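Since the structure comes first, as structure tokens, the remarks are kept for the end.
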Amino acid sequence: MPGEFQGWPRGAFDVLLQLEGEPSVEVRRRWRRDREELVRRPMLELLDALAEADPAYEDFAVWRYGEVLLEAWQRQSAIVRLARNVELGVRFDLDGLEVGLAWWYAPPEQIERYRAAVGDPGTGQRLTALIRKLEREGFVISGDQLKRPLRGYPVDHPRAELLRHRSLIASRPLGCDDWIHTAAAADRVASAFTLLRPLARWLVGNVARP
């Protein structure tokens, strides 16, 4: 069972260095136990700490890694499920921590609700304001987009670019300073999640739930 979160030990980076590039099956098997203890277990402890502090984060998953997908060995990811297709995320790799919010892999009915909400003057302007605030906080907004303007809306629509989205992602690196080796890393992630919560509420209320 996970213990109390105390950050990632310095040895976690040594493990990930061994798994860089295209490590063989033998190398992965040799480092599996160390990766589990030094890389994945701290992520479990982090998510446990966040869930204990705020019940909104209780539905989480910390990814394991198979024999085939090398990327899963080279970075440790976790998500907090907020609603269908809406997730907060944390990633740990050699660059340190990154956090984000994603609405993705959405079914057609969610995409239609998203477009209707973006096109509406009230909810659409609210989304624009939320995104601009996150960008000022250093978040990068991305997502899968149509290559052409969306049919049924004027080309010069004030939110034409947002209307083209079929997914919406806000992400920001937190860095790799000494705090990552301490319990303060949980505070950094929690603070970033707090900044993302208004956009998450918009997505849950206008898109994920009919």
Side-chain angles (χ1 to χ4, degrees), residues 43 46-63 75-92 97-174 186-210:
M43 184 67 85
L46 168 66
L47 271 292
D48 269 346
L50 293 174
E52 185 175 346
D54 190 333
Y57 305 139
E58 286 182 348
D59 184 10
F60 67 81
V62 177
W63 299 149
R75 58 186 60 179
Q76 181 61 60
S77 298
I79 61 165
V80 175
R81 304 179 188 91
L82 302 177
R84 185 185 180 195
N85 307 103
V86 180
E87 302 166 348
L88 291 165
V90 189
R91 188 178 75 189
F92 173 79
L97 280 176
E98 181 175 292
V99 295
L101 169 70
W103 166 64
W104 51 6
Y105 306 113
E109 62 269 21
Q110 281 197 3
I111 295 175
E112 288 304 314
R113 288 199 293 269
Y114 167 81
R115 290 170 177 168
V118 173
D120 179 84
T123 53
Q125 290 176 17
R126 172 65 174 159
L127 176 61
T128 299
L130 292 172
I131 286 175
R132 286 176 178 169
K133 183 174 182 181
L134 287 174
E135 288 176 331
R136 290 194 296 269
E137 295 286 350
F139 286 88
V140 174
I141 306 301
S142 61
D144 181 39
Q145 291 180 284
L146 296 171
K147 294 181 179 180
R148 298 179 180 179
L150 186 63
R151 292 180 181 178
Y153 292 88
V155 176
D156 61 349
H157 191 283
R159 292 174 295 283
E161 184 174 353
L162 284 174
L163 283 166
R164 290 165 50 205
H165 277 261
R166 291 179 292 197
S167 65
L168 192 64
I169 301 168
S171 60
R172 188 181 79 179
L174 297 183
D187 297 328
R188 300 273 181 146
V189 174
S191 295
F193 277 5
T194 297
L195 292 173
L196 290 165
R197 290 280 285 271
L199 177 57
R201 284 193 291 268
W202 189 97
L203 289 167
V204 171
N206 293 288
V207 180
R209 293 176 181 165

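Because the structure is a prediction, the values reported are computed rather than measured. Here, residue 1 is the first one in the sequence, and each next residue gets the next number.
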Closest approach of A170 and I141, non-hydrogen atoms and distance?
-> CB-CD1, 3.6 Å
State which residues pass side chain to side chain contact (heavy atoms under 4.5 Å, CB included) with E112; sequence neighbours excluded, sorted by chain then number.
-> R115
Side chains of F60 and D48: closer than 4.5 Å at any heavy-atom pair?
-> yes
So CD of E87 and CZ of R81: to nearest 0.5 Å the spacing works out to 7.0 Å
Shortest non-hydrogen separation from Q76 to V62 and the atoms involved | NE2-CG1, 3.4 Å
Please set out all donor-acceptor pairs under 3.5 angstrom arising from side-chain atoms of residues 126-133, sequence neighbours excluded.
| unit_1 | atom_1 | unit_2 | atom_2 | d |
| --- | --- | --- | --- | --- |
| T128 | OG1 | G124 | O | 3.2 |

Return the set of residues passing side-chain hydrogen bond (donor to acceptor under 3.5 Å, both in side chains) with T123 (not counting sequence neighbours), or none when no residue passes.
-> D120
Within the side chain of R164, is there an N or O that forms a donor-acceptor pair under 3.5 Å with the backbone of L146?
-> yes
Non-neighbouring partners of F193 that pass ring-ring contact (aromatic ring centres under 6.0 Å, His included), sequence neighbours left out | Y57
Results of ring-ring contact (aromatic ring centres under 6.0 Å, His included) for Y114 - residues two or more places apart only = W103
pair V90-L97: side-chain heavy atoms closer than 4.5 Å = yes
Mark yes when over 12 heavy atoms from residues, nucleotides or ligands other than E161 sit less than 6.0 Å from its CD; otherwise mark no.
-> no
Smallest heavy-atom separation, A78 atom then L47 atom, equals CB-CD2, 3.9 Å
Name all residues meeting the side chain to side chain contact (heavy atoms under 4.5 Å, CB included) criterion together with P107; count only those two or more places apart in sequence or in a different chain, and write none if there are none.
-> R84, N85, E109, Q110
Could you list all the ring-ring contact (aromatic ring centres under 6.0 Å, His included) pairs where at least one residue sits in residues 124-150, not counting sequence neighbours?
-> none
Which residues pass the side chain to side chain contact (heavy atoms under 4.5 Å, CB included) test with A56, sequence neighbours left out?
-> D54, R197
For the residue pair L134 and L101, establish whether any side-chain heavy-atom pair is separated by less than 4.5 Å.
-> no
Quick one: salt bridge (Lys or Arg N to Asp or Glu O under 4.0 Å) partners of R91, sequence neighbours excluded?
-> D93, E98
Could you pull out all residues at least two apart from E52 that satisfy side-chain hydrogen bond (donor to acceptor under 3.5 Å, both in side chains)?
-> none
If every non-hydrogen atom of V86 is compared with every non-hydrogen atom of A208, which pair is closest and at what distance?
-> CG2-CB, 3.9 Å
Correct closest heavy-atom pair for I169 and A102 would be CG1-CB, 4.0 Å
Residues which pass side chain to side chain contact (heavy atoms under 4.5 Å, CB included) with S167, listed by chain and number, not counting sequence neighbours = W104, D144
Decide yes or no for R209 and R113: does some side-chain heavy atom of the first lie under 4.5 Å from some side-chain heavy atom of the second?
-> no
If you look at every heavy atom in I111 and A106, which pair is closest and at what distance?
-> CD1-O, 3.8 Å
Give a yes or no on whether the backbone of A192 and the side-chain of R172 come within a donor-acceptor separation of less than 3.5 Å.
-> no
Please examine the side chains of V80 and L50, heavy atoms only from C-beta on, and report whether any two atoms are closer than 4.5 Å.
-> no
Atom pair CG/CG of D59 and L88 - distance to nearest 0.5 Å = 11.0 Å
